[in-house]
Amino acid sequence: MPLLLIFFIVCFAASTIGAICGIGGGIIIKPVLDAFHVMDVATINFLSGCTVLSMTTYSVIKGRLSGESHINKSIGFPLGIGAALGGLAGKWMFSFISALSPEKNKIGAIQAICLSIITLGTLIYTICKEKISTHNITNPIICILIGLFLGIFSSFLGIGGGPINLVVLFYFFSMQTKAAAENSLYIIFFSQIANLMASVFTGSLPEFNIFLLILMIIGGITGGVCGRLLNKKIQDKTVDKLFLALMVVIIMINLYNIYIFIH
């Protein structure tokens with residue numbers, strides 16, 4: 001029971017912060033659960049992905065029904081299509097690399113290293129973004145390719161999308177923080193649902209505790225509810241500061257995970 005409670009708290013807190021910042025929560029859930037070292041990497045990937053999917057599903061549907069959506073369909077839809085294709089590709093990449101070695105800690109170390117590099121790059125970009133010129137891409141083919149790239153990372157790393165989505169949306173589409181957060185969750189929704197469907201149809205679901213999954217999903221959805229409410233009440237500058245602090249914490253957790261997986 002203490003472990004179940006910890007998992008619920010992690011999912012709730014991660015999804016709350018994820019909904020505020022638009023990073024889906026998986027970027028927090030995945031490395032934190034890895035740090036506990038109580039499940040194999042494939043199971044954590046799956047549980048994290050399902051939790052992120054539940055939160056983003058709520059956020060996307062709520063945004064649509066409320067009429068307060070900041071998603072530009074001409075950009076968001078091709079990004080979503082690309083993310084879905086990337087979700088399938090990322091799922092295949094994870095299965096392929098996992099099959100190369102019986103030592104499952106290796107795939108965990110690879111994921112932690114990739115997460116550290118991506119998070120550090122995101123941190124540097126966010127600090128320097130005021131000095132970086134951005135673009136306003138509208139070409140649907142390019143949008144699909146960008147979504148494909150984001151979907152691969154989302155699915156392979158089991159993080160939903162995380163900070164890399166925001167950097168890409170800032171740079172290629174000149175989005176403001178809150179608009180980028182909502183569009184990021186939209187992309188994560190497509191990539192994670194494609195990943196889950198691939199797992200179901202290929203029969204590659206890992207063994208997991210169904211009660212734990214339900215508890216994590218409840219944490220994800222309630223966190224998404226709280227995150228949306230808080231997002232409306234705080235300014236973009238506050239979101240940016242929270243985002244920067246979170247990146248530092250995530251880098252430290254991933255460095256710890258790299259050490260654990262290697263040793």
Side-chain angles (χ1 to χ4, degrees), residues 1-66 80 83-84 87-88 90-91 94 111 115 151 154-162 165 181-182 184-231 246 250 253:
M1 285 303 296
L3 187 62
L4 294 177
L5 181 60
I6 290 172
F7 274 45
F8 173 80
I9 293 172
V10 168
C11 291
F12 174 79
S15 296
T16 300
I17 298 171
I20 294 172
C21 299
I23 57 175
I27 187 70
I28 308 169
I29 296 171
K30 165 66 177 170
V32 170
L33 295 189
D34 277 341
F36 283 107
H37 221 62
V38 294
M39 296 179 186
D40 61 61
V41 173
T43 303
I44 291 176
N45 253 37
F46 176 75
L47 294 175
S48 174
C50 288
T51 305
V52 170
L53 176 59
S54 67
M55 187 276 279
T56 53
T57 300
Y58 163 79
S59 296
V60 170
I61 293 175
K62 182 65 175 178
R64 290 290 185 180
L65 294 178
S66 66
L88 297 175
K91 168 71 176 175
F94 180 84
Q111 287 180 317
L115 279 174
S154 169
S155 181
F156 174 72
L157 298 177
I159 60 172
N165 285 17
E182 188 169 350
S184 173
L185 295 178
Y186 187 71
I187 294 169
I188 293 169
F189 168 77
F190 276 92
S191 64
Q192 287 303 309
I193 200 166
N195 186 5
L196 177 61
M197 290 175 65
S199 296
V200 172
F201 288 127
T202 59
S204 56
L205 292 174
E207 293 185 7
F208 62 93
N209 184 323
I210 186 65
F211 180 71
L212 175 59
L213 175 61
I214 293 172
L215 200 62
M216 290 176 68
I217 288 175
I218 292 172
I221 294 175
T222 52
V225 173
C226 293
R228 276 187 60 84
L229 293 174
L230 291 171
N231 182 271
L246 185 62
I250 291 170
I253 294 173

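For Phe12, the ring pair (Phe, Tyr, Trp, His ring centres under 6.0 Å) test picks out no residue, with sequence neighbours left out. Applying the side-chain hydrogen bond (donor to acceptor under 3.5 Å, both in side chains) rule to Ser204 yields the partners Lys91, Thr202; only residues at least two apart in sequence or on another chain are considered. Applying the side chain to side chain contact (heavy atoms under 4.5 Å, CB included) rule to Leu53 yields the partners Thr56, Thr57, Phe189, Gln192, Ile193, Leu196; only residues at least two apart in sequence or on another chain are considered. For Phe156, there are no ring pair (Phe, Tyr, Trp, His ring centres under 6.0 Å) partners, not counting sequence neighbours. For Phe208, the ring pair (Phe, Tyr, Trp, His ring centres under 6.0 Å) partners are Phe46, not counting sequence neighbours.
Applying the salt bridge (charged side-chain N to carboxylate O under 4.0 Å, His left out) test to every pair with at least one member in residues 33-52, sequence neighbours left out, gives these pairs: Lys30-Asp34.
A donor-acceptor pair under 3.5 Å is absent between the side-chain atoms of Thr43 and the main chain of Met39, judged by distance alone.
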For this session: Starting from the C-alpha separation in whole Å, work towards a yes-or-no answer on side-chain contact (heavy atoms from CB on, under 4.5 Å) for Val60 and Phe190.
Result: CA-CA 10 Å; Val60 170; Phe190 276 92; over 6 Å; no
For this session: Tell me, with the steps shown, if Arg228 and Ile20 meet side-chain contact (heavy atoms from CB on, under 4.5 Å).
Result: CA-CA 6 Å; Arg228 276 187 60 84; Ile20 294 172; over 6 Å; no
For this session: Take Val41 and Phe94, measure what side-chain contact (heavy atoms from CB on, under 4.5 Å) needs, and give me the verdict at the end.
Result: CA-CA 10 Å; Val41 173; Phe94 180 84; 4.0 Å; yes
Exercise. Are Asn195 and Leu88 close enough, and set up right, to give a side-chain contact (heavy atoms from CB on, under 4.5 Å), and what steps lead you there?
Worked result: CA-CA 6 Å; Asn195 186 5; Leu88 297 175; over 6 Å; no
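We find the CD1-CD distance between Ile187 and Glu182 to be 11.5 Å, quoted to the nearest 0.5 Å. Rounding to the nearest 0.5 angstrom, the gap separating the CZ atom in Phe7 from the OG1 atom in Thr51 is 10.0 Å. Rounding to the nearest 0.5 angstrom, the gap separating the CD1 atom in Ile28 from the CD1 atom in Ile250 is 5.0 Å.
Summarising the geometry of Gly151 relative to Ser191, their closest heavy-atom pair is CA-CB, 3.9 Å, with the distance given to 0.1 Å. Taking both residues in full, the closest heavy atoms of Pro31 and Leu115 are given as CD-CD1, 4.5 Å, listed atom of the first, atom of the second, then distance. For Gly90 against Ser155, the heavy-atom pair with the smallest separation is C-OG, 3.5 Å.
Partner of Met55 under the side-chain contact (heavy atoms from CB on, under 4.5 Å) criterion, chosen from Leu185, Ile188, Ile29: Leu185.
There is a side-chain donor-acceptor pair under 3.5 Å between Asn45 and Gln111.
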Below 3.5 Å, can you tabulate the donor-acceptor pairs from side chains in residues 209-227 to any protein atom, sequence neighbours excluded?
from	atom 1	to	atom 2	distance (Å)
Asn209	OD1	Phe211	N	2.8
Asn209	OD1	Leu212	N	3.2
Thr222	OG1	Ile218	O	2.8
Thr222	OG1	Gly219	O	3.2

